[in-house]
*Asks:* 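Could you have a look at this structure, given as structure tokens, before my questions?
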Amino acid sequence: MIQPELVEIFRAGLLQWASGNPRPMPWKGEKDPYKIWLSEIVLQQTRVEQGWPYYEKLILKYPNVHALAQAPEDELFKYWEGLGYYNRARNLHATAKYISTELGGRFPHTYETIRTLKGVGDYTAAAIASFGFGLPYAVLDGNVFRILARFFAIDTVSDSTAGKKEFSTLAQQLIPHEAPGAFNQAMMDFGALCCMPAQPQCPSCTLQNHCQAFKSKQQDSYPVRQPKKAKKQLYFLYLVVKSGDRVWIRKRQEKDIWRGLHEFPYLAFEDAAAFESAQATQAFSATDMLADIAISPKSDTFRQTLTHRQVTAVFQEIRLPCDANLETVNPACFSGSFSTSIVELKKKFAFPGIISGFLKKFV
DNA sequence: AATGCGGGGGC
DNA sequence: GCCCCAGCATT
């Protein structure tokens with residue numbers, strides 16, 4: 001239990017900071033729960049500056065939940081291309097359909113019902129409940145963890161079950177019931193602009209006098225997080241199969257990375273040696289086509305780093321003399337693939353960054 | 001409780 | 001290079 005005086009000090013100091021540091025954003029002060037929801041999904045694990053243009057494009061294209069519900073999935077993915085965490089887009093779409101058809105377009109308006117929506121966890125439910133409906137649920141995001149860990153000098157590992165519970169209890173005690181939305185906004189703005197991860201602005205901080213981390217000059221020691229895992233290496237030899245002006249792609253169904261994005265068929269390798277000696281001919285070795293196809297040398301090497309994957313890829317162009325049904329040629333490699341024109345490929349389909357990089361240079 | 005999902009910006 | 005960001009779903 002926090003001392004009541006300390007609660008008042010914290011609130012007053014935070015709101016004083018907020019009144020002197022306005023931070024306009026397209027979704028701020030928004031009362032339409034649809035727009036709040038959309039903005040919050042875009043902003044999950046995403047910097048405001050990065051999400052901002054995506055939100056503006058999305059809200060223009062899909063001004064209400066029905067428009068989003070009726071969008072083709074590939075179109076939504078194209079709008080989401082480059083933003084990452086593509087499950088967000090899939091869940092967004094599923095939830096839009098649910099609200100549009102099952103709820104007649106009416107957004108749920110209790111914390112519990114909002115929380116049941118796909119893609120909506122504790123944080124997002126609290127954000128929608130407080131911003132959209134004035135309900136007193138404290139948000140718990142990276143900013144809030146950091147602010148509270150420093151202010152109260154909490155060394156519990158923050159991204160653990162125990163940590164979540166402890167910080168959540170604290171935040172819930174601090175949030176005022178009269179203007180919970182403004183408090184939540186202020187916490188996140190304060191965390192982004194003043195109590196930042198590196199080099200926080202302590203000299204001008206309105207909470208400085210009561211901040212335990214500042215008192216001991218240990219701002220950089222909070223919050224305490226779990227150690228990171230090593231990245232796994234992944235090697236792809238992408239097969240850019242062309243005939244005439246058409247090229248083969250497929251929609252990625254694997255549940256590991258980039259699910260829902262498109263890609264070229266590929267050969268995958270676990271280790272660098274096998275990858276470096278690999279050739280596109282391997283995909284056609286069991287066929288009688290080798291005499292009829294032209295295969296380019298390997299492209300330069302492309303790399304992309306994900307949160308816990310390091311992807312290395314090269315591309316080889318395979319030119320077919322005439323249309324063939326690739327799916328029957330080598331199902332293990334080409335199953336699910338279809339051909340499309342180059343123009344359509346760039347306009348309609350979303351690709352991971354490593355393929356976008358190749359397309360930009362060579363296609 | 002642990003794991004995995006993207007991409008970008010700051011240092 | 002490393003860290004972190006308006007987190008969530010799955011196992």
Side-chain angles (χ1 to χ4, degrees), chain A residues 23 25-28 30 36-55 77 80-92 94-95 115-131 137-147 149 157-165 167-168 171 181 183-193 195-200 220 222-232 234 252 254-261 303-311 350-357:
Chain A
R23 193 189 184 199
M25 293 180 283
W27 48 85
K28 207 177 229 181
E30 182 57 61
I36 297 170
W37 166 62
L38 180 58
S39 71
E40 292 302 338
I41 302 300
V42 166
L43 291 169
Q44 285 168 3
Q45 286 288 284
T46 303
R47 289 171 188 279
V48 166
E49 307 79 53
Q50 188 188 0
W52 188 313
Y54 282 86
Y55 172 81
F77 268 78
W80 206 270
E81 183 180 35
L83 191 56
Y85 286 144
Y86 298 93
N87 278 328
R88 288 185 292 176
R90 183 184 357 275
N91 288 332
L92 190 76
T95 295
R115 179 65 180 79
T116 65
L117 302 173
K118 277 187 190 172
V120 174
D122 293 342
Y123 162 79
T124 305
I128 298 171
S130 65
F131 298 151
Y137 291 87
V139 294
L140 200 55
D141 74 333
N143 295 301
V144 179
F145 278 117
R146 188 171 56 254
I147 297 164
V157 175
S158 65
D159 51 345
S160 64
T161 305
K164 264 203 92 169
K165 202 169 168 185
F167 284 91
S168 165
F183 177 88
N184 280 338
Q185 293 275 14
M187 285 289 271
M188 294 192 281
D189 291 346
F190 178 73
L193 300 181
C195 197
M196 307 112 80
Q199 300 170 26
D220 293 339
Y222 302 98
V224 179
R225 305 183 70 154
Q226 258 154 16
K228 306 247 180 289
K229 305 274 175 196
K231 291 188 197 306
K232 210 184 280 181
L234 224 47
R252 189 170 176 85
E254 283 78 356
K255 291 182 182 173
D256 52 0
I257 58 175
W258 299 326
R259 183 176 172 201
L261 297 186
R303 296 176 212 281
Q304 183 176 357
T305 305
L306 284 64
T307 304
H308 52 287
R309 292 272 190 277
Q310 170 69 245
V311 185
F351 295 91
I354 198 165
I355 293 182
S356 299

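Treat the numbers as computed from the prediction; the structure is a model and nothing was measured. Keep in mind that the numbers below use all heavy atoms, side chains included, and drop hydrogens, waters and symmetry copies. Naming convention: chains lettered A, B, ... in sequence-line order (proteins, then strands); numbering from 1 in each chain.
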*Asks:* Using atom P of each nucleotide, how far apart are B:dG6 and C:dT11 to the nearest Å?
*Replies:* 16 Å
*Asks:* So does A:Asn143 get a side-chain nitrogen or oxygen closer than 4.0 Å to the phosphate oxygens (OP1/OP2) of C:dA6?
*Replies:* yes
*Asks:* Side chains of residues 224-232 of chain A: which donor-acceptor partners sit under 3.5 Å, not counting sequence neighbours?
*Replies:*
residue: A:Lys231; atom: NZ; partner: A:Leu306; partner atom: O; Å: 3.1
residue: A:Lys231; atom: NZ; partner: A:Thr307; partner atom: O; Å: 2.8

*Asks:* Could you state the atom-to-atom distance from CG of A:Asn91 to C1' of C:dG7 in whole Å?
*Replies:* 12 Å
*Asks:* For the atom pair NZ (A:Lys164) and CZ (A:Phe145), what is the distance rounded to the nearest 0.5 Å?
*Replies:* 6.5 Å
*Asks:* What residues from residues 45-53 of chain A pass a heavy-atom cutoff of under 4.0 Å to DNA chain B?
*Replies:* A:Gln45, A:Thr46, A:Arg47, A:Gln50
*Asks:* Under 3.5 Å, is there an N or O donor on one side and an acceptor on the other linking the side chain of A:Tyr123 and the base of C:dG7?
*Replies:* no
*Asks:* Reckon A:Lys229 has a side-chain N or O less than 4.0 Å from the OP1 or OP2 of B:dT3?
*Replies:* yes
*Asks:* Nearest to the side chain of A:Gln226, which nucleotide is it out of C:dA6, B:dA2, C:dG7?
*Replies:* B:dA2
*Asks:* Which nucleotide in the list C:dC4, C:dG7, B:dG6 gets nearest to the side chain of A:Tyr86?
*Replies:* B:dG6
*Asks:* Please report the distance separating the P of B:dG4 from the corresponding atom of C:dA6, rounded so that it comes out in whole Å.
*Replies:* 24 Å
*Asks:* Hey, which sits more toward the 5' end of DNA chain B by its nearest nucleotide, A:Ser160 or A:Phe351?
*Replies:* A:Ser160
*Asks:* Taking only the side-chain nitrogens and oxygens of A:Arg146, find out if one of them lies under 4.0 Å from OP1 or OP2 of C:dC5.
*Replies:* yes
*Asks:* Taking for each residue the nucleotide of DNA chain B bearing the nearest heavy atom, is the 5' side occupied by A:Ile354 or by A:Ala162?
*Replies:* A:Ala162
